[in-house]
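Handing you this structure, nothing more for now.
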Amino acid sequence: MFIFEAKRIIIVILGALINAIALNFFFISADVYASGFTGFAQLLSTIFSDFLNVDFISTGIWLLLLNVPVGILGWFKVGRHFTVYSILSVLMTTFFLELIPVQSFSNDIMLNAVFGGVLGGFGVGITLKWGASTGGSDILAMVLSRMKDKPIGSYLMIVNGIIIFFAGLLNEPENALYTLLALYVTTRVVDGLHTRHEKVTAMIVTKKTDELQKAIHEKVVRGMTILPARGAYTREDKSMLVLVITRYELYDLERIINEVDPEAFTNIIHTAGVFGFFRKDH
């Protein structure tokens, strides 16, 4: 399990490095904005630098400051394990943004938008794939989604819409269009690596029913159905645990199963839709 978590930490740090490269080499120099709180950090940096002559607060520092209250909210509302890795991602992104100099490899704003979007999407995608997030709007959207039981994507769309609007307002109108292009590319790359808003159904056949049910409910706040099951070959009596989760929670579920019952048989299938009460909060 130590190796498992060590790999996760390495992936989170690598994702932060890639995000920082996308920002400092492509987005910032071209006045193209990233998605989520990273884009808001760029907007604040632009406003304070261009209109208030305050240059000592960089994009990386703004990103860290914006994530402080959201990190506290995520700690109590989303889950400590998930939030810890999200905080690590934000800290490392801030570190790399301060370490790597801002420079431009091309004066073509479209090239900057596309390549920045590809790199940024790859950094976010591998981070999400290993059960963490890049913080900020991801955590905020998850909290709002749990309160309202609506898809996370709709909240992220509102956040990104605000960023696109101010990108054109603070710069040239075409910057809003190139920001929209960058966000589209980023989303496509993220979805290719990890569809974070997708729901899946987990069917777990186990002999350690009570232990596994308790461990899952300590980490994953979901309802669960327990069905009787019997092995066709061994004729042993077992139980099948059935629960619907999001891709965000799949990594934690896998870790819990490996810890409690490595011999459990688990089938993960795509869920096209859920009717009735899905979200179960405490």
For the hydrophobic clusters of this structure (ILVMFWY residues joined by side-chain heavy atoms under 4.5 Å, transitively), does one cluster hold both L177 and F165? no
Report the distance from atom CG of N67 to atom OG1 of T94, rounding to the nearest 0.5 Å.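 It comes to 7.5 Å.
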- Task: Could you tell me the separation between the OG atom of S58 and the CG atom of L23, rounded to the nearest 0.5 Å?
- Result: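 CG of L23 is found 11.0 Å from OG of S58.
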Contacts satisfying side-chain hydrogen bond (donor to acceptor under 3.5 Å, both in side chains) that involve residues 11-33 (not counting sequence neighbours) are Y33-T46, Y33-N171
**Asked** Backbone N or O of S106 within a donor-acceptor pair of the N112 side chain at under 3.5 Å?
**Response** yes
Shortest non-hydrogen pair, F37 vs V70, comes out as CE2-CG2, 3.4 Å
* Determine the minimum heavy-atom distance between A176 and I164, stating which atoms define it. =>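 Looks like CB-O, 3.3 Å.
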Q42 side chain vs A34 backbone, donor-acceptor pair below 3.5 Å:
yes
All heavy atoms of I100 vs all of A20, minimum pair found to be CD1-CB, 4.3 Å
Self-check item: More than 12 heavy atoms from other groups under 6.0 Å of CD on E211
Solution: yes
Taken in chain and number order and not counting sequence neighbours, the residues that satisfy side chain to side chain contact (heavy atoms under 4.5 Å, CB included) with T201 are M203, V242, V244, I269, T271
For G60 and L97, the nearest pair of non-hydrogen atoms, with its separation, is CA-CD1, 3.6 Å
Exercise. If we only count heavy atoms from C-beta on, is the L63 to T38 side-chain gap below 4.5 Å?
Worked result: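 Yes. Closest side-chain heavy atoms under 4.5 Å.
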Measure the shortest side-chain to side-chain distance between N175 and I109 over non-hydrogen atoms and say whether it is less than 4.5 angstrom.
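Side chain of N175 against side chain of I109, heavy atoms only: contact under 4.5 Å found.
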The reported gap from CG in D261 to CD1 in I256 (rounded to nearest 0.5 angstrom) is 13.0 Å
- Item | Stepwise side-chain contact (heavy atoms from CB on, under 4.5 Å) test for I13 and F96 | CA-CA 10 Å; I13 295 174; F96 288 127; 4.0 Å; yes
Interatomic distance, OG@S45 vs CD1@I28, rounded to 0.5 Å, equals 7.0 Å
- request: Decide side-chain contact (heavy atoms from CB on, under 4.5 Å) for L253 and I216; before the verdict, give the C-alpha distance in whole Å, the side-chain angles of both, and the deciding distance to 0.1 Å.
  value: CA-CA 7 Å; L253 180 65; I216 291 174; 3.8 Å; yes
message = Is there a side-chain contact (heavy atoms from CB on, under 4.5 Å) between V84 and W75? Walk through the geometry before answering.
response = CA-CA 8 Å; V84 163; W75 182 268; 3.5 Å; yes
Between F166 and L52, is there a shared hydrophobic cluster once you connect ILVMFWY residues whose side-chain heavy atoms come closer than 4.5 Å?
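Yes; tracing contacts between hydrophobic side chains, which count when under 4.5 Å, links both residues.
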#### Entry: Other residues, nucleotides, ligands: >12 heavy atoms within 6.0 Å of F122 CZ
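Not buried by this count: 12 neighbours or fewer within 6.0 Å.
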Under 4.5 Å between side-chain heavy atoms, counting indirect links through other Ile/Leu/Val/Met/Phe/Trp/Tyr residues: same cluster for L99 and L17 or not?
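Same hydrophobic cluster.
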Which of L227, T266, I226, I257 passes side-chain contact (heavy atoms from CB on, under 4.5 Å) with L241? Answer is I226
Would you say the side chain of M92 lies within less than 4.5 Å of the side chain of V12, judging by non-hydrogen atoms? no
Q) Taking side chain as C-beta onward, heavy atoms only, is I162 less than 4.5 Å from L43? A)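 Sidechains of L43 and I162: no contact.
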Do you reckon I47 sits in the same ILVMFWY cluster as I57, going by side-chain contacts under 4.5 Å, direct or chained?
yes
Query raised in the report: When rounded to the nearest 0.5 angstrom, what distance separates CG in N258 from CZ in R255?
Result: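 Rounded to the nearest 0.5 Å, the CG-CZ separation comes out at 10.0 Å.
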Exercise for the section: For the pair T93 (side chain) and S89 (backbone), establish whether a donor and an acceptor sit closer than 3.5 Å, ignoring hydrogens and angles. Expected result: yes
Does the plane of the ring in F25 sit parallel, tilted or perpendicular to the ring in F105? Use 30° and 60° as the thresholds.
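Perpendicular.
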Closest non-hydrogen contact found for G117 with F27 is N-CZ, 3.4 Å
- Message: When you group the ILVMFWY residues by side-chain heavy-atom contacts below 4.5 Å and let the links chain together, are F95 and L88 in the same group?
- Response: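 Same hydrophobic cluster.
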Rounding to 0.5 Å, atoms CG (L66) and CZ (F40) come to a distance of 8.5 Å
side-chain hydrogen bond (donor to acceptor under 3.5 Å, both in side chains) pairs touching residues 227-238, sequence neighbours excluded, are R230-D237
Nearest heavy-atom approach of I163 to G36 is CD1-O, 3.1 Å
* Asked: How about E263: does its CD atom have over 12 heavy atoms from other parts shown lying under 6.0 Å from it?
  -> no
